[in-house]
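Everything below concerns the one structure shown next.
Note that the structure is predicted; figures quoted are calculated from it, not measured.
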Amino acid sequence: MKKKIIPIVVCLVLAACFTLCGCSGESFSKIKVVGKQDTTYMVHGNGGMAVQYGNYVYFINGYAGYDDADGSQNTWPNVVKGGLYRAEFTGERKGNDFVPSAAEGAGSMEFVSSKSYDYENNESLVANVQRIAPKRIGTSGYANGGIFIYDEWVYFASPNNEKNKSGTVQTTKTDFFRAKLDGTDVQKIYTTENTGNESNPYAFYKYNGAAYLVAQDGTDLVSVRVAKKPENKVTIATGVTSVLLPYSQTYYSGMSENTLNHFVYVLRAVRDGDRQKTGNVIEIMRPDGKSGGVYHSQEKTTDALEAVRDGLLFYRTTDNSNNTLIKYDSLHDFLMGNEEYTDENGDKHGAGEVYGDAAYKKEQESLGAYDDGARVQISGTILSTSKISDYTSTYCFRPGGELSNNVYMLGAKSGEVELRSSLNDKIKVLGEGAKIVNVVDDYMYFTGTDANVIYRSKWALPVGSKDDKEQVSGSDVTASGFNGDYCAGYIVYFGKADGLADSYTFFKNVERYIGSEPVLVGKKLSSETLSAPSISVKNRVISWSAVDNADSYTVYRKTSDATLIAAKGITETSYTVDEGQPGEYWVVAATSDGLYSARSNTVTV
């Protein structure tokens with residue numbers, strides 16, 4: 001069923017700016033933020049386009065692209081579209097979490113909001129937002145690096161806006177920043193030294209009492225420790241083929257730092273000293289690079305890093321029959337130092353001869369078998385195929401937590417999506433091609449043959465045993481890396497607001513108000529807004545200045561008995577009231593495709 005989008009124009013909490021120290025030629029300013037962030041809450045959604053931190057949600061305010069020909073499009077504090085903004089939920093605190101819910105009389109609106117009125121004087125609620133960091137968030141080629149929040153700081157990447165010696169803006173270099181959530185400080189952490197980094201992976205971690213930026217810079221992997229201020233970069237890997245930088249989407253002070261999401265994964269060619277002599281190996285290390293080891297692939301080589309998800313490392317390798325395998329490993333034995341192997345000479349090597357992470361081992365030895373955080377060794381193969389090219393996308397996951405042995409893969413092909421399990425079961429769950437963008441609880445979220453729409457369907461039920469797919473988004477999803485993220489019970493995406501405003505942020509409630517419409521949350525550019533005219537009257541002539549983007553105007557007249565249209569579709573910016581036509585008058589601007597402004601002020605004739 002095609003969903004209707006209700007466009008919601010948002011209220012901006014005005015921000016006053018104060019001068020901060022300049023950095024690398026760009027001056028920064030303090031941002032006035034109203035409302036203090038309570039840092040005792042848990043963070044949910046790190047690395048996505050929207051992150052919940054208690055009663056606030058921090059989000060990327062639309063997608064403006066990353067082109068910047070003259071270096072003026074990504075300058076603090078002028079960025080609106082693509083910058084970092086914040087909205088506030090209504091609801092209640094439960095422990096260290098905040099559960100959104102609609103206030104009485106607010107329908108399904110779960111955001112702190114204000115009343116607004118359209119040209120027919122119909123009332124609606126609009127989400128209040130305020131800016132936090134006016135820089136374009138993210139890079140043009142990497143989809144997994146969004147917003148990261150740790151304690152009182154938000155961390156993000158942004159294209160470099162400086163010119164090289166030839167005068168070209170270096171947008172393929174990447175700047176990394178952190179900004180105080182109260183708007184009082186901004187720090188540049190690092191700028192990549194190599195060009196062509198717009199597609200390279202990066203992530204921010206909280207580890208051992210400090211934040212860390214880990215980023216691929218050329219073929220090097222660099223780490224920057226950030227405590228009171230950013231420190232010098234450290235190169236933690238060289239000759240990198242590819243990098244997998246998972247991260248914990250949830251954060252709270254004192255949480256375990258020994259999940260698989262707290263390690264860094266590097267695919268590189270074998271070197272002297274590696275027990276594997278050909279192909280590629282996976283090197284696993286901490287964000288500071290000080291502790292690490294080489295993971296031993298059972299097939300003696302590794303082709304690609306797939307994902308770290310649900311406590312498992314997924315990777316691709318090739319067997320002796322040249323089949324592509326997607327394998328998984330909890331890495332428990334590896335991290336405990338219990339891994340055993342046989343080398344190419346047939347000599348057996350026992351536990352303790354391979355890598356073991358001291359902090360991981362200490363934590364696991366302190367836990368009981370059924371305690372939260374206890375882990376066990378599981379490994380296996382989720383896919384073996386001679387036709388890996390048939391799959392347009394794959395999504396591997398393990399529902400049920402760390403101790404579950406059930407592992408699944410959704411594999412999308414040109415005409416179907418199949419579900420494979422670690423029990424070698426396979427069922428067809430969708431009768432069309434798709435790109436899986438997320439799996440949340442019982443649902444898979446995907447774009448179909450029409451990439452402009454996000455749908456959902458239950459991933460565990462075969463075709464024919466469930467209802468038709470459900471449309472989640474509007475029909476004009478913007479093509480960008482940040483789409484389909486889950487945050488606070490919402491699927492978040494960029495989409496079209498109206499005939500002028502495209503690629504803005506929508507929140508679709510998929511938990512509490514299933515039938516509700518997607519909500520536009522954010523601040524529009526003035527150039528993409530149809531403003532209400534401001535009118536005046538003199539000697540029965542109503543006049544106004546031309547409204548940007550308007551194609552015509554409609555003049556309304558209200559008498560004691562009715563509201564009438566005095567003139568419709570006029571292109572002039574004045575209207576003469578006929579004698580004998582007294583009343584209250586107002587004007588509405590319109591575009592040729594049917595977009596209307598709010599009503600103007602009212603004058604009496």
Side-chain angles (χ1 to χ4, degrees), residues 8-23 26-39 43 45 48-66 68 72-89 111-114 116 126-138 146-149 152-159 161 175-188 480 482 487-488 492 494 497 501 503-507 519-529 531:
I8 299 181
V9 182
V10 297
C11 298
L12 175 65
V13 178
L14 296 178
C17 300
F18 307 92
T19 302
L20 282 175
C21 295
C23 181
E26 182 176 8
S27 61
F28 295 90
S29 55
K30 293 183 179 181
I31 303 297
K32 184 178 180 181
V33 177
V34 179
K36 184 177 181 180
Q37 174 65 62
D38 185 342
T39 58
V43 174
M49 61 190 290
V51 177
Q52 182 190 9
Y53 199 179
N55 55 316
Y56 290 109
V57 58
Y58 297 80
F59 63 95
I60 303 174
N61 182 48
Y63 176 73
Y66 298 100
D68 192 5
S72 66
Q73 302 303 307
N74 189 24
T75 302
W76 188 290
N78 301 324
V79 174
V80 175
K81 195 172 187 179
L84 179 63
Y85 276 64
R86 183 178 85 174
E88 185 176 1
F89 287 123
F111 296 92
V112 173
S113 55
S114 302
S116 181
V126 299
N128 298 337
V129 302
Q130 52 186 321
R131 64 177 177 173
I132 301 296
K135 290 285 286 184
R136 288 182 176 175
I137 308 298
I147 307 163
F148 297 78
I149 296 179
E152 298 177 343
W153 296 86
V154 57
Y155 299 77
F156 58 91
S158 188
N161 61 359
D175 293 333
F176 298 95
F177 295 89
R178 73 171 183 170
K180 208 77 174 289
L181 294 177
D182 63 3
T184 60
D185 196 11
V186 184
Q187 296 176 356
K188 181 180 282 189
S480 76
F482 298 114
C487 179
V492 189
F494 297 137
S503 305
Y504 282 94
T505 309
F506 284 84
F507 285 69
V519 177
L520 172 63
V521 180
K523 166 68 176 176
K524 291 182 184 178
L525 290 170
S526 58
S527 61
E528 297 181 343
T529 302
S531 301

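Rounded to the nearest 0.5 Å, atoms OH (Tyr504) and CG (Asn61) are 7.0 Å apart. Here Ile149 contributes atom CD1 and Gln52 contributes atom CD; the two are 10.0 Å apart, rounded to the nearest 0.5 Å. How far NZ of Lys523 is from OG1 of Thr529: 6.5 Å, rounded to the nearest 0.5 Å. To the nearest 0.5 Å, the span separating OG1 on Thr75 from CZ on Arg136 amounts to 9.5 Å. The line from CD of Glu26 to OG of Ser158 is 8.0 Å long, rounded to the nearest 0.5 Å. Note: Phe177 CZ to Ile137 CD1 = 9.0 Å, rounded to the nearest 0.5 Å.
In this structure, the side chain of Ser503 does not engage the main chain of Gly62 through any donor-acceptor pair within 3.5 Å. With Asn74 contributing its side chain and Pro159 its backbone, the two residues share a donor-acceptor pair below 3.5 Å. Gln37 places a side-chain N or O within donor-acceptor distance of the main-chain N or O of Tyr53, the cut-off being under 3.5 Å.
Using cut-offs of 30° and 60° for the angle between ring planes, the Tyr66 and Tyr63 rings count as perpendicular.
Across every non-hydrogen atom of Ile147 and Met49, the tightest pair is CD1-O, 3.6 Å. Looking at every heavy atom in both residues, Tyr56 comes nearest to Gly35 through OH-CA, 3.4 Å. Across Phe111 and Ala127, no two heavy atoms sit closer than the pair CB-CB, 4.0 Å. Ala87 approaches Val521 most closely through the heavy-atom pair CB-CG1, 4.0 Å. The two residues Val492 and Cys487 come nearest to each other via the heavy atoms CG2-CB, 4.3 Å.
Taking the six-membered ring where the residue is Trp, the centroids of Tyr85 and Tyr58 are separated by 6.0 Å or more. Side-chain rings of Phe176 and Phe156 stay apart, their centers remaining 6.0 Å or farther from each other.
A search for salt bridge (Lys or Arg N to Asp or Glu O under 4.0 Å) contacts involving Asp182 returns nothing, not counting sequence neighbours. For Val33, the side chain to side chain contact (heavy atoms under 4.5 Å, CB included) test picks out Ile31, Arg86, Gln130, Ile132, with sequence neighbours left out.
Taking the side chain as every heavy atom from C-beta outward, Lys135 and Asn161 approach each other to under 4.5 Å. A heavy-atom distance below 4.5 Å is found between the side chains of Gln187 and Asp185. Side-chain contact check for Glu528 versus Lys81: some heavy-atom pair is nearer than 4.5 Å. Within the 4.5 Å cutoff, side-chain heavy atoms of Phe59 are placed close to those of Phe507.
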- Does the side-chain hydrogen bond (donor to acceptor under 3.5 Å, both in side chains) test come out yes or no for Ser113 and Asn128, once each step is laid out? CA-CA 5 Å; Ser113 55; Asn128 298 337; over 6 Å; no
- Item | Test side-chain contact (heavy atoms from CB on, under 4.5 Å) applied to Val519 and Phe506, step by step | CA-CA 5 Å; Val519 177; Phe506 284 84; over 6 Å; no
- Message: Before you tell me yes or no, could you show the steps for Lys180 and Val186 under side-chain contact (heavy atoms from CB on, under 4.5 Å), namely the whole-Å CA-CA distance, both residues' side-chain angles and the distance that decides it to 0.1 Å?
- Response: CA-CA 6 Å; Lys180 208 77 174 289; Val186 184; over 6 Å; no
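A donor-acceptor contact under 3.5 angstrom links the side chains of Ser29 and Trp76, judged on distance only.
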